[in-house]
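One structure is given here, and the rest of the page talks about it.
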Protein chains: 2
Amino acid sequence: MNIGQAAKATGISTKMIRYYESIGLVAAPHRTESGYRVYLDDDLHALRFINRARDLGFSVEQMRDLLTLWRDRDRASADVKAIARAHIAVLAEKARALAAMSETLQHLAETCHGDDRPSCPIIEKIAAAVPSSGRPANRPRFGIAQLH
Amino acid sequence: MNIGQAAKATGISTKMIRYYESIGLVAAPHRTESGYRVYLDDDLHALRFINRARDLGFSVEQMRDLLTLWRDRDRASADVKAIARAHIAVLAEKARALAAMSETLQHLAETCHGDDRPSCPIIEKIAAAVPSSGRPANRPRFGIAQLH
DNA sequence: CTTGACCTTCCCATCATGGGAAGGTGTATC
DNA sequence: GATACACCTTCCCATGATGGGAAGGTCAAG
């Protein structure tokens, strides 16, 4: 099985399959004489595992840990659960932060006529913060760019 | 006012203030004879505007648009509202996606004993997808890395 | 034997942000 | 005045996960 077929079979792009190999997240597969990568069932299982972990928002480094635990038949389920729980908390906090932004903006938008006139509470409140939207100086920022 | 003081006054790091200047998001401030940047009230207003827009999850390009609209006294409030509404939808969708991940993982974690024994439904279900967690092939991915 | 679909490696871009080096400036204290 | 220290300048590099694209090799069908 070539890399393109493996990509279709696992839902991971060829680019990313090569990337995961380059950073050692997955083992290098066999090669044909001409240098083509050949994927076997075990390779595909690992890639599918990665795809599902990725869908759950795990980072590459977390997936590395999960793959190690997956392969270790003697690991304690507590080890897996600890990773999961930490991740759940981070996901929930990011979701909360985004929802809060959305709602704040929604409130602002509701008070904006949205017609030809220039008066616009949205931009006015961004220009001069209302107390309720003030960020207490050192609360961690959760802008879009900080969400990974 | 030097850049460090401007940073404290606006909540934007010196690094980012210089960056916003370099990409033309804010105008270059005056300089002292020795080359130090000097920030005046107008500069600070713009930086505070940016900080608040950033707290609402707006991207640099969206902030560029918002700043233009802010400075244009004759703009239609509909123009501002359109940007806000598009952004609200994106934020809400990202929040939803993250919350869904968190909940899926939460369900898995609840069925895991989290003790010394190796049996762990979390990792087993990542290894062999359950139907309910299957991603319908071409639904847009919303992993952590795609959230910006 | 040509065509076209694949494969290979390599480099570059994204987005917003921080780190750090190498060197200049400004001010308070000895 | 000199020394120390905090600040400023520009410049380059890194992040994380992903895609784009170039330049060239391989394979199978017509």
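Below, chain A is the first sequence line, B the second, and so on; all start at residue 1. Note: hydrogens, waters and symmetry copies are ignored here, and every other heavy atom, side chains too, is used.
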Problem set entry | Gap separating the NZ atom of A:Lys81 from the NE2 atom of B:His113, nearest 0.5 angstrom | 9.0 Å

Exercise. When the nearest nucleotide of DNA chain D is assigned to A:Lys15 and to B:Tyr39 on a heavy-atom basis, which residue is associated with the more 5' position?
Worked result: B:Tyr39

Exercise. Which whole-number value in Å describes the distance from A:Asn2 CG to D:dT26 P?
Worked result: 14 Å

Problem set entry | A:Arg54 CZ - D:dT18 P separation (whole Å) | 5 Å

Seminar exercise, completed: Per atom distances to the B:Met16 side chain, the nearest of D:dT9, C:dG18, C:dG24 is C:dG18

Exercise. Rounded to whole angstrom units, what separation is found between the CG atom of B:Asn51 and the P atom of C:dA16?
Worked result: 14 Å

Seminar exercise, completed: B:Tyr19 OH to D:dT10 C1', in whole Å, measures 17 Å

Problem set entry | Sugar-phosphate only, base, or nothing, as touched by B:Arg18 at under 4.0 Å among non-hydrogen atoms | base

For this session: Remember a base hit wins even if backbone is also touched, and classify A:Ser13 as base, sugar-phosphate or nothing at under 4.0 Å, heavy atoms.
Result: sugar-phosphate

Exercise. Roughly how many Å is it from CZ in A:Phe58 to P in D:dT18, rounded to a whole number?
Worked result: 15 Å

Problem set entry | Selected nucleotide, minimal atom distance to A:Tyr20 side chain, candidates D:dT26, C:dG24, D:dT18 | D:dT18

Exercise. Could you state the CG-P distance from A:Leu25 to D:dT18, rounded to the nearest angstrom?
Worked result: 11 Å

Problem set entry | Between C:dT25 (P) and B:Gln5 (CD): distance, integer Å | 19 Å

Problem set entry | Same apolar cluster (I L V M F W Y, side chains within < 4.5 Å links), A:Leu47/A:Tyr36 | no

For this session: Check the distance between D:dG19's P and A:Ile12's CD1 and give it to me in whole angstrom.
Result: 11 Å

For this session: Decide yes or no on salt bridge (Lys or Arg N to Asp or Glu O under 4.0 Å) for A:Arg18 and A:Glu21, but give the supporting numbers first.
Result: CA-CA 5 Å; A:Arg18 292 194 197 97; A:Glu21 180 187 332; over 6 Å; no

For this session: Tell me, yes or no, whether the heavy-atom count around A:Arg73 atom CZ, taken from other residues, nucleotides or ligands under 6.0 Å, exceeds 12.
Result: no

Problem set entry | Pair A:Arg96-A:Glu93, salt bridge (Lys or Arg N to Asp or Glu O under 4.0 Å): steps then yes or no | CA-CA 5 Å; A:Arg96 189 209 58 73; A:Glu93 170 56 21; 2.9 Å; yes

Exercise. B:Arg31 has a side chain; which of D:dT18, D:dT9, C:dC7 sits nearest to it?
Worked result: D:dT9

Exercise. Between B:Ser34 and C:dG24, is there a side-chain N or O to OP1/OP2 distance below 4.0 Å?
Worked result: no

Problem set entry | Residue A:Arg37, side-chain atoms from C-beta onward, closest of D:dA17, C:dT9, D:dG21 | C:dT9

Exercise. When you measure from the side chain of B:Ser59, which nucleotide among C:dT17, C:dA16, C:dC7 comes out closest?
Worked result: C:dA16

Seminar exercise, completed: By nearest-heavy-atom nucleotide on DNA chain C, the more 5' of B:Glu61 and B:Thr32 is B:Glu61

Exercise. Taking atom types as they are modelled, is there a donor-acceptor pair under 3.5 Å from the base of D:dG25 to the side chain of A:Tyr36?
Worked result: yes

